[in-house]
Amino acid sequence: MSNEETPGNGNTLALVYGSLLLRVWLGVRALQTGIEKFAGTRSGDQVVTVDGVPNEEGLTAGGSMKYYALENYHGVPKALMSKFEGEPLMPGFGLPLYDKLLGPALLVLGVTILLGVAYRSSLFVLGLLYISLTWGLILIKQDDGVSWLGVHMIMIVMALALAPHNRLAILKKW
Amino acid sequence: MVTPMNTDPTNLSRRGFLSKSLAGAGAGLVLGAPNILRAANQTAAGTDAIHIALVGFGKQGEVLFNCLRNIPGLHFQAICDISPYNLKKGIGQVNSLTKVRPNGYQDIDEMLATEKGLDAAVIATPDFWHSPHTVKCLEAGLHVYCEKMMAHTIDAAREMVKAMERTGKLCQIGHQRRSNPRYRFTYNRLINGNKICGQIVNANAQWNRSLGASQDIGGAKIAKSIIVPDDVLNRYGFKDMHQFLNWRVYRDLSGGPISDLGAHQIDIFNWFLGTAPKRVYASGGNSYFKNREHFDNVMCIFDYDTPQGEVRAFYQVLTTTSYGLGFYESFMGTEASIRISEIAATSAIYRESGDHVPDWGALVDKGYLVRKPAPPKPEPSADAVASYESAAPDVYDLPGGFNKPAHQPHLENFFAAVRGKAKLNCDARHAFESEAPIFWVNPSALTKQPIDFKTEHLSV
C-alpha cells in the first residue's frame with residue numbers, strides 16, 4: 001500500500017484537493033448569494049384572449065422574468081424583514097444596518113475566499129455572518145434554515161481545518 | 001336528453017329557490033346577483049387613500065396583510081389584537097412596509113372610539129368574534145372585510161347580514177374563491193356560458209389534511225414570548241392559551257373542521273349549482289382526536305334540486321390524512337367533469353367520450369380551453385375486464401391562471417367596491433345563503449338524522 005496518502009508520509013494531494021473544493025464551494029455559495037440580493041422579477045403576464053377579446057375574469061398567462069439591478073437590492077428578503085420587525089428581541093436600529101451590509105459582505109467574502117485573500121480570516125468572518133443569520137432564523141422559528149446554516153458551519157470549520165493545505169492563494173497571511 | 005342550463009344566473013337561482021319555498025335563501029347565491037350595494041366614492045378622510053384597521057393579526061391576519069401590501073392606495077392606520085406578540089408583529093410589519101407606524105390597540109371598542117377617519121376594517125379574528133367585531137365596525141361606519149366562516153352560530157351570522165343592511169355599509173366575507181379568476185372563468189364561461197358539463201348530476205369536494213398539519217398549536221410548552229395574560233384571555237372569551245391558540249377545536253368558539261375548512265368548498269357547491277340544497281345527511285366522529293370537542297372526520301351529502309335536475313354533492317373533511325390530492329371541488333356532468341382547486345396543478349377538465357358529447361375543437365380554437373397531453377394508456381392486465389371499462393376521458397385545462405396570492409383578488413374586489421368601482425363578489429347576504437347549510441352538518445352528524453331544510457334553516 002505504498003500509494004496511501006496521509007499527512008504523515010508527506011503526500012497531501014487529497015487534502016489539497018479537499019481544501020480547494022471546500023474553498024470553491026463556500027466562495028461560490030457566498031458570492032452568488034450576494035449577487036442574488038440584486039435579483040428582481042418582471043411580470044410577463046398577459047391577459048388571456050378568449051374568443052378574440054381579453055377575458056373579463058382576469059386569467060393571465062405567461063410568467064415572471066428574472067433580472068438583476070442595483071435598485072432591486074434587498075439584503076434581508078422582504079417577507080423575512082417584516083417578520084424580524086415584529087420580533088421583540090430584534091434591535092430596531094440594527095436591522096436596517098444589517099439589511100444594507102449583508103449583500104456587500106457576502107460579495108466581498110465570496111471573492112476573498114475564491115481568490116484566497118486572507119483565507120482563514122475570511123472564513124472566520126463568514127462563519128460569524130452565518131451565526132448572525134442563524135440567530136435571526138431561530139427568532140422566527142425557521143428551523144429548516146437553521147439546520148442548513150448548521151451544515152454551512154460544519155463546512156467552514158472543515159475548511160479552516162484544511163487551511164494548511166490551501167494552495168493557489170493570493171494572500172496567505174491571515 | 002340533456003337539459004340546457006339557463007344562461008341567466010339570476011333567473012337560475014331565483015327560480016330554483018322559489019320552487020322550494022326557500023325565498024331569500026337561494027336567490028342571491030349566484031355571483032351575478034349581488035345585494036344592493038352602497039359604496040362610497042370617496043373615503044371617510046376625504047382623500048384617495050383608504051384608511052383601514054387590521055383587526056386580528058394572527059396567522060390569517062398576516063396572510064391577508066401579505067395581500068394588502070400589494071394593493072395600492074391603502075393606509076394602515078390601526079391594528080388591534082389582544083395578543084401583545086401579534087400586535088407588535090403587526091405594527092412592525094406595517095412600519096417596515098410603509099415607514100409609518102400604525103396605532104396599536106388591544107381592545108376594538110377603544111380603537112373605534114379613538115381612531116378618526118377610518119374607512120374600513122379587515123377582520124381576521126377567531127370565528128366566534130367575527131360577528132361582534134363586524135357589527136361593531138359596521139355600526140361605527142366602516143366597511144368590513146371579514147374572514148369566513150361568518151360566525152360560529154347561524155344566529156350570529158344573521159346579525160352580520162342585518163347589520164350590513166341596516167347600516168348600508170359594505171361587508172365582504174372572505175370566500176376568496178369567489179374572486180379567483182380561475183373559478184370565475186370556470187363558472188361564467190365553461191359551466192354557464194358554454195355548458196361544457198352538460199347536465200351536472202354529481203359534485204364532490206374534499207379537504208384531506210394530514211395528521212401532522214392537524215395537531216394542536218403550541219404543544220406542551222408554549223413560548224413565553226407569545227403568552228397572553230390570563231385576565232386578558234378571560235376578558236375576551238378564552239379559558240386559557242390552549243383555547244386562544246386552538247379555538248378551532250372548541251364548540252363554543254368555532255364550527256370545527258366542517259366549518260373551518262368545509263366553508264370554502266361547500267360555498268362553491270352552492271355558487272356553481274346556483275341554489276341552496278334541500279337536505280343534508282352527515283356522519284362524523286372523533287376517530288383519532290378523541291378529546292376534541294368537534295368531530296375530526298366528517299362526511300356529508302347535500303341534495304339539490306336545480307333547474308337542470310337533481311344533484312347530489314358529497315363533501316368530506318379529514319384531519320387524519322392528506323391522501324387523494326388534498327383539497328379540491330369537482331362537478332360531474334353527463335358531458336364533462338371539472339375538478340378545480342386553488343392549486344392550479346390539481347385542477348383539470350375531463351371530456352367524456354361518446355357521440356352525445358359535442359366536439360370541443362372550436363372551444364380550443366377560441367381559447368376557452370387548452371388540450372392537455374393524454375395520460376399514458378395503462379397496459380392490459382389479467383385482472384381487468386376490458387368490456388366493463390369506460391373509455392378514458394380527454395383531459396383539458398383552463399387557458400391561464402393568475403399570479404397573485406390566493407386572497408388578493410377578493411381583497412382587491414372589496415377595495416374596488418369601497419371606491420365605488422365594483423360590486424362585492426361575496427357580500428354578507430350571499431355568504432350567509434351559502435354558509436347557512438353548513439351550520440346544519442354538525443347537528444345532522446350528532447343526531448345521525450338527515451335534515452330537510454325549511455325556510456327557517458336557511459333564511460336570515
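Keep in mind that what you see is a predicted model, and the values were worked out from it rather than measured. Chain A is the first sequence line, chain B the second, and so forth, proteins listed ahead of strands; every chain is numbered from 1.
Atom CZ of B:Arg101 has 12 or fewer heavy atoms from other residues, nucleotides or ligands within 6.0 Å. For B:Lys224, the NZ atom is loosely surrounded, since the number of other residues' heavy atoms within 6.0 Å does not exceed 12. Crowding of A:Asp144 atom CG: a count of heavy atoms from other residues, nucleotides or ligands under 6.0 Å not exceeding 12.
Between B:Asn188 and A:Glu57 the shortest heavy-atom distance is ND2-OE2, 3.1 Å.
For residues 55-78 of chain B, the salt bridge (charged side-chain N to carboxylate O under 4.0 Å, His left out) pairs, not counting sequence neighbours, are A:Lys83-B:Glu62, B:Glu62-B:Lys89. Within the structure, ring pair (Phe, Tyr, Trp, His ring centres under 6.0 Å) contacts touching residues 112-144 of chain A (residues at least two apart or in different chains) are A:Tyr130-A:His152.
Residues B:Lys366 and A:Val50 form no side-chain contact, since every pair of their non-hydrogen atoms from C-beta on lies 4.5 Å or further apart.
The CD atom of A:Glu56 lies 9.5 Å from the CZ atom of B:Arg184; values are rounded to the nearest 0.5 Å. Rounded to the nearest 0.5 angstrom, A:Asn55 CG and B:Tyr368 OH are separated by 10.0 Å. Atom-to-atom distance recorded for A:Thr60:OG1 and B:Phe402:CZ is 8.5 Å, nearest 0.5 angstrom.
Only the side chain of A:Val48 comes within less than 4.5 Å of a heavy atom of chain B; its backbone N, CA, C and O stay farther away.
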